[in-house]
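Every chain is numbered from 1, with letters handed out A, B, ... down the list of sequences. Computed from a predicted structure; not experimentally measured. All values below were derived from every heavy atom in this structure, side-chain atoms included, with hydrogens, water molecules and symmetry-related copies excluded.
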Amino acid sequence: MSDVPVADELGGFRAEVQRFLVSALPPELAARTKAGHTLSRDELMFWHRTLHGRGWVAPGWPTEHGGAGWSILQRHIYDEEAARAGAPSIIPMALTIVGPLLIAHGTDAQRTKYLPRILDGSEIWCQAWSEPEAGSDLASLRCHAERIGDEYVVNGTKIWTTFAQWADRCMLLARTATGDRQQFGITILLIDMKDPGVSIRPLPSLDGMHVLNQVYFDNVRVLVSDRVGPEDEGWGLLKSTVGHERILNADVGRARALLDRLIRTVQANPGAQPGLRSRVARAAIRLRSLEVLVMRALDSPDPANASGASIIKLLGTELQQEASWLMSEALGLYGLPYLPDVMQNGWQNEIPIGPDDAATVTPFYLFWRKASISAGTSEIMRNLIAQQVLGR
Amino acid sequence: MSDVPVADELGGFRAEVQRFLVSALPPELAARTKAGHTLSRDELMFWHRTLHGRGWVAPGWPTEHGGAGWSILQRHIYDEEAARAGAPSIIPMALTIVGPLLIAHGTDAQRTKYLPRILDGSEIWCQAWSEPEAGSDLASLRCHAERIGDEYVVNGTKIWTTFAQWADRCMLLARTATGDRQQFGITILLIDMKDPGVSIRPLPSLDGMHVLNQVYFDNVRVLVSDRVGPEDEGWGLLKSTVGHERILNADVGRARALLDRLIRTVQANPGAQPGLRSRVARAAIRLRSLEVLVMRALDSPDPANASGASIIKLLGTELQQEASWLMSEALGLYGLPYLPDVMQNGWQNEIPIGPDDAATVTPFYLFWRKASISAGTSEIMRNLIAQQVLGR
Amino acid sequence: MSMSSSPGEDLLAIEEAANNFLSQEYDFRRRNIYLQGTGNVERSLWRRFADLGWLGLSLPEDYGGAGGSAVESWMLLQRLGAYLVLEPYLSSVVVCGWPLVTHGRKQVRDRLLPELIAGRIQLSLALNEPEGKHPNIITTLATPMDGGWRLVGHKSVVLGAPTADYLLLSARCDAQRIVLLIRPDDAGVMIRPYRLIDGRTAGEILFDGARVGPDSLLAVGPEADELLDVARLAGAFGCVAESVGVMKAALAATVEHVRARRQFGQALSGFQAIRHRIAAMHIACEEADALGWRAAQAYSLADPKERLAAIAAAKSDVGQSARRVCEEAVQFHGAIAITDEFPVGHYLKRAVVNERLFGNSELWTEHFSKAVFGWP
Amino acid sequence: MSMSSSPGEDLLAIEEAANNFLSQEYDFRRRNIYLQGTGNVERSLWRRFADLGWLGLSLPEDYGGAGGSAVESWMLLQRLGAYLVLEPYLSSVVVCGWPLVTHGRKQVRDRLLPELIAGRIQLSLALNEPEGKHPNIITTLATPMDGGWRLVGHKSVVLGAPTADYLLLSARCDAQRIVLLIRPDDAGVMIRPYRLIDGRTAGEILFDGARVGPDSLLAVGPEADELLDVARLAGAFGCVAESVGVMKAALAATVEHVRARRQFGQALSGFQAIRHRIAAMHIACEEADALGWRAAQAYSLADPKERLAAIAAAKSDVGQSARRVCEEAVQFHGAIAITDEFPVGHYLKRAVVNERLFGNSELWTEHFSKAVFGWP
């Protein structure tokens, strides 16, 4: 597949990324990523530290806070090259949300305390937003924080908390007031996951892996100094920070890596049916159009609010879901066995059952139904797009 | 394609229908119908009179009013056999709506005056329901009738009036009162199309043919004796009468005739692409499921209100639209020429351009986009189905 | 013959009885416990299936069955799908049991079928091979030796293999196909067991010079071909029936969810875009049910071409539409459906597996075209 | 080279100028009057197209053109689609003009292109034949005779044939392909003219022993193959560009309609199911526009494989999606869109014709797979 045309001046940057990846990414790790294996915490943190060593672990942060200070276009180029090379996606929450939030709205003390340990990987963060009764309609959340002296006392539960089981700290959205507007009365608190009263229930996913959790807060005490921004105003802070992510969430790089893997699977399978081949071609064509739409959004004066952002999120996730299904289908019956050890560790000394990397495919398809649910459901995206087209 | 299984006892009826069609239907007319030619008024009325001669022109009317007294299942069987044999569909309005309405709610005088002339074909009727601003939301109609003495004076306009250009009489829905409920205040009037103040604007369709019209009423006077049922209560009368039609509207017989023609077209075209063939097979499979759903609805105690009726209307029209598109596609470039004379008269002494019956196909596809709009749009059908499944 | 358009009261009674038993003994919590097992401990359940008359439901009375036709199984299989039952009913009773009624050596059938119906054994058909997608290609070799056969080959993703007491094995012998009845513990037979993504057991079977005796012969030549054809059709039909049950269950769960769940101040069921998509799910269920019902009835038709067409139509449609309905069910449930603790994702898993077993939609669309239109 | 992701100001100026002219001179009412004509009376408009610089927009300055590349035509063709322009711009300028820039005998090109750019002639490519769908199959026979050729054959559904002053004719001569330049009034050439369903003119061309002289030779052998390839690609690209304009116009009309039209007490645009489907129409337009833009840019790439891939991707996608968007536009407009008096149905007609001309979506999906994946 050909590259999307990109302005010359970034050719040098792309080459620099490529050189770094060649030198720093161990081939075994790249192979595991490409084969879709579930990476361990050690592997993810190894790559986190490697990026940190290069100064690239926080691509979007300003340099004065230890970030790479990249433009969104540079981030896109990095993502593309990283996906192509098979670099892992590091645990993102602290880098894409917590850091930018503290940089924009935190106190000096908060920045000094938290940012260095985010960058060097010594602390892992999770974000506790959704609740069992508040998903797409996030502002209806009910987990409650009561101010008592210079502390907040938190009670409630959060769900779909990614990697809570590894997290040292948590960024929490808590309700501190109720009013006419649900958006009012939400406060951002930073919580130490080792604090008394914090407990975790693992929520294994459809692929059998443990990524998601429910987190319970039972009279957890948080110092007011660990509140980000003013009380009750957390919703606005968050909205102003999350911006860009929707375009990068489409993760065209990952979609292309998936599609490349799909095409290899189909090539290796001369029996693949014509109907399947035709759908693979259609997916490749849609990827081409997505590439142009992403470039258009990135070229626009305000990419985060570019009208294409919702389309890109919607199409990007649809395309990844379609590619993961087609890959499963291309494997035929060998897409059906469930082999959790192989998903994590690959085949060791046994003869593989089916193609080498078959075991990860259908579980990924199942887990990745999540793509059209999280970070704004496809239905929410369609609402936003319709609003742009039709108004109201 | 195999028949849908049907209970034995109707086998005799089916055979009787087949015998009649063989003896009464001229082969040239059947060929023209099968090739999709636009039939003339004379041809349609010839078949009307032929059916009348056999006593079958009003299949759903009770025998005491000159109908055939068939069950809905018998009507379905007739429709199937008629479509297979290539019998024309006669002009339906008077037979499916006006007649049943008069039988149920008319006066003896009205029945005596109108029914015989409907049956023998000496008067053609149209129905004037929709208005430019009242389509799916029919109850919002505004064409107005004011009672003055023993007359109503009608002013307003009606649109999409089928065959108004041939009609001798018209069944009109007029507003006689406004209130909280739009459904209240609608009155059914019977109008002579030759009355002063009635005028017609032809509305040629996308296929270039003239079927639809806009009808204007300018101080048209109607005797109170030509009102059906009580003043203001027309909506309820209508709803209680239209019932069955939704199932028969799906017209499985026509769908099968279309599909048979499609399959012949594909057979005759060995270059047809595999993707097209696969879609043809999918359409044939959907027809099979529709056949079962229709039989289920017909077997239910109250077919008109069977929960499947909306599904059948929706699927039946979708399937006919899909089949008409596939047929156009199967013709390749020869689906593109627009030859209105040939659509009506077939090829006379010229060498055909492309396959003999190609000229009617794409125009039919275009005109037949109407199927998902008229007699309840597909969106209205989905609303009804959702209501059955979800309530509210 | 006279055909009805929907199941009558006698058939609805089968459905109700199955619902009663399964809602007690096979609710989602219990199922998760069964799923943790080795795959062979549930023989107690298997014997209860026998007691309930399920194993012999559509098998002849001569062997202890109820003598029903495919329509009885149509009712039961839907329930087994809806409750995500893990026992190898499909692979054992439908795929192996049904062809044995009419095909194979009589001594063997007379011995096996009563055992099967009584719940004392489970069977599995070792048909697929790793080389090709097309089930007609058989490369496993049976070489005649000492009156019996020597076996070399590899059977892949064999449903129910790990718990089967007997395997019906397709092989090539000279220029013909042959079906042998072997035991998993025969020397030289190696089974690598695993679960499929939907939790059912399957395995790879390797034959490295295994030796089986003369009494293992079940069918040879045209008789073997026919037996395998009947088995494949039965497998396709069984997948259809299960998946129709699965999609109905997924729809029911979704309807309940969107009525209960509130967002932005109203029930999800109040959003028209969701309402229309749930209408589409319902339509897909009705179409699938209609095609499956017609296929079940086609088992009683004399015309084998119509039977093939009816089953092909159903498998072609239901494979895809069951998966799509379940994908929608997951989407409307949101993140909860991505967790393994919640049944909706498991409906999707079952639909995915059934879509692919015994040939996918594309393959059966081709079979349909060939049977009905004579297209190559 | 540096590529931009969207049209810059210079290109938007072309669009604006075209809109200005067409909204004045080619509104739907005027178009209906043109449509009643014989198809040849609008030469006055054709000459105005020349005056506006449209005919030479992407043709070399040496011949009197503006020397633009495909991106300029990309802007204009969309407008010609959106206004449902009936003049044979696509068949004349794009399908015939573009290949003549680089292929064919120089004397002929040097003579034709200035005439074309000046609006004095119209051209048409006689390529398709009734026998096969595949445009590579050519059975029209050119037999060398007296230094010229004798022609026997049948060209079908030739876009723009009835008004063309010259025809570029593909034929077989010995074992090679040959392209000849002939005139419709050459002896033995018979044209049966008609309109297509979208109102554009086309015709059947019959050659029954027509004789043409030696100077009609345009290209032979590999040169002929290349000329025809370039013409086909140009035709596919032109259909894409027109159809993207058509679908955007259909969407705009639909947005306006659903905002204005009220039903059940609210604007149609208030119904979420409609909103989501209009979002889908918008997305389809954005995707189509992105693919078309990339194809337009690919004309400036050195790599012919990437050019083929980009055009194939666009034709594969846009063919279908333009039709579907227009079908939705008809559906949301309701019965009014079924009347010939209203523009929306005409968008659908144009989309249908463009989907099929120069190869449909399925064919171009195959071309794409071949170019990009090397699949047969």
Side-chain angles (χ1 to χ4, degrees), chain A residues 130 132-137 139-140 159-160 182 201 203-212 214 269-276 321 325 328-329 331-340 342 350-351 353-355 359 362-363 365-370 372-374 377-379 382-383 386, chain C residues 128-135 137 156-159 192-200 202-204 206 261-265 268 271 273-274 277 323 326-327 330-342 344-346 348-349 352-353 355-363 365-366:
Chain A
S130 294
E133 297 297 319
S136 288
D137 185 11
S140 69
I159 201 163
W160 323 130
Q182 287 189 325
R201 182 169 75 97
L203 296 171
S205 316
L206 286 182
D207 58 356
M209 299 294 123
H210 175 200
V211 171
L212 305 175
Q214 184 161 6
N269 197 329
Q273 294 156 309
L276 176 67
Q321 291 182 331
W325 171 253
S328 171
E329 217 179 317
L331 289 168
L333 290 172
Y334 276 130
L336 299 182
Y338 176 60
L339 305 160
V342 182
E350 294 170 294
I351 300 166
I353 292 173
T362 310
Y365 155 77
L366 291 166
F367 177 69
W368 208 231
R369 299 313 303 171
K370 178 176 175 292
S372 52
I373 294 169
S374 56
T377 65
S378 293
E379 288 70 39
R382 286 191 198 97
N383 283 345
Chain C
N128 313 307
E129 302 195 353
E131 278 71 21
K133 285 192 147 45
H134 205 286
I137 300 166
S156 59
V157 195
V158 177
L159 190 67
R192 288 176 75 182
Y194 45 77
R195 287 190 186 272
L196 300 183
I197 51 162
D198 69 346
R200 281 181 286 180
E204 303 295 293
L206 298 158
R261 176 90 174 180
R262 297 183 69 80
Q263 247 176 36
F264 304 108
L268 279 184
F271 291 94
I274 290 181
R277 280 161 67 184
R323 173 172 55 89
C326 290
E327 286 179 348
V330 168
Q331 182 70 21
F332 290 141
H333 275 84
I336 185 88
I338 305 295
T339 67
D340 225 31
E341 293 184 334
F342 198 77
V344 167
H346 294 266
L348 176 58
K349 292 179 180 185
V352 164
V353 172
E355 177 174 6
R356 211 163 301 168
L357 290 176
F358 302 100
N360 66 7
S361 289
E362 189 171 349
L363 183 70
T365 308
E366 287 165 20

field: Residue selection (most heavy-atom pairs with chain C, distance under 4.5 Å) from Arg382(A), Glu350(A), Lys370(A), Glu379(A)
entry: Glu379(A)

message: Just verifying a value: how many Å separate Ile336(C) CD1 and Leu212(A) CG, rounded to the nearest 0.5 Å?
response: 10.5 Å

- prompt: Under a 4.5 Å heavy-atom cut-off, does chain C meet the side chain of Ser374(A), its backbone, both or neither?
  reply: neither

query: Between Ser328(A), Pro340(A), Pro132(A), which has the largest tally of heavy atom pairs under 4.5 Å with chain C?
result: Ser328(A)

statement: Distance col, row Gln331(C):CD vs Thr377(A):OG1, nearest 0.5 angstrom, shows 6.5 Å

field: Proximity breakdown for Glu133(A) and chain C, heavy-atom pairs closer than 4.5 Å
entry: both

- request: Would you mind checking which part of Glu204(C) comes under 4.5 Å of any heavy atom in chain A, side chain (CB onward), backbone (N, CA, C, O), both or neither?
  value: side chain

- prompt: Is there side-chain contact between Tyr338(A) and Val353(C), with at least one heavy-atom pair below 4.5 Å?
  reply: no

- line: Greatest number of non-hydrogen atom pairs under 4.5 angstrom with chain C, of Ile353(A), Val211(A), Asn383(A), Asp207(A), falls to Ile353(A)

- prompt: Any idea which of Arg261(C), Arg277(C), Glu355(C), Arg323(C) has the most non-hydrogen atom pairs under 4.5 angstrom with chain A?
  reply: Arg323(C)

Heavy-atom pair of closest approach, residues Pro337(A) and Val157(C): CG-CG2, 4.5 Å

field: Interchain contact, Ser140(A) with chain C, by part (heavy-atom threshold 4.5 Å)
entry: neither

field: Shortest non-hydrogen contact from Asn360(C) toward Gln273(A)
entry: ND2-OE1, 2.9 Å

- request: Sort Leu339(A) into side chain, backbone, both or neither according to what part of it lies under 4.5 angstrom from a heavy atom of chain C.
  value: side chain

field: Pairwise side-chain contact, Glu341(C) with Arg201(A), heavy-atom cut-off 4.5 Å (strictly under)
entry: yes

task: Indicate yes or no: at least one non-hydrogen side-chain atom of Pro274(A) is less than 4.5 angstrom from one of Glu362(C).
output: yes

message: As an exercise: rank Leu206(A), Leu366(A), Leu276(A) by heavy-atom pairs under 4.5 Å with chain C and give me the winner.
response: Leu206(A)

- prompt: What option among Tyr334(A), Trp325(A), Tyr365(A) has the most heavy-atom pairs under 4.5 Å with chain C?
  reply: Trp325(A)

field: From Ile338(C) atom CD1 to Trp368(A) atom CH2, the distance as rounded to the nearest 0.5 Å
entry: 10.0 Å

Heavy-atom pair count under 4.5 Å with chain A, highest-scoring of Val352(C), Thr365(C), Ile274(C): Val352(C)

- line: Cut-off 4.5 Å, heavy atoms of chain A, and the answer for Ala335(C) is both

message: With a 3.5 Å distance limit and no angle check, can you tell me whether Arg356(C) reaches the backbone of Leu333(A) through a side-chain donor-acceptor pair?
response: no

field: Proximal component of Phe264(C), with respect to chain A [non-hydrogen, under 4.5 Å]
entry: both

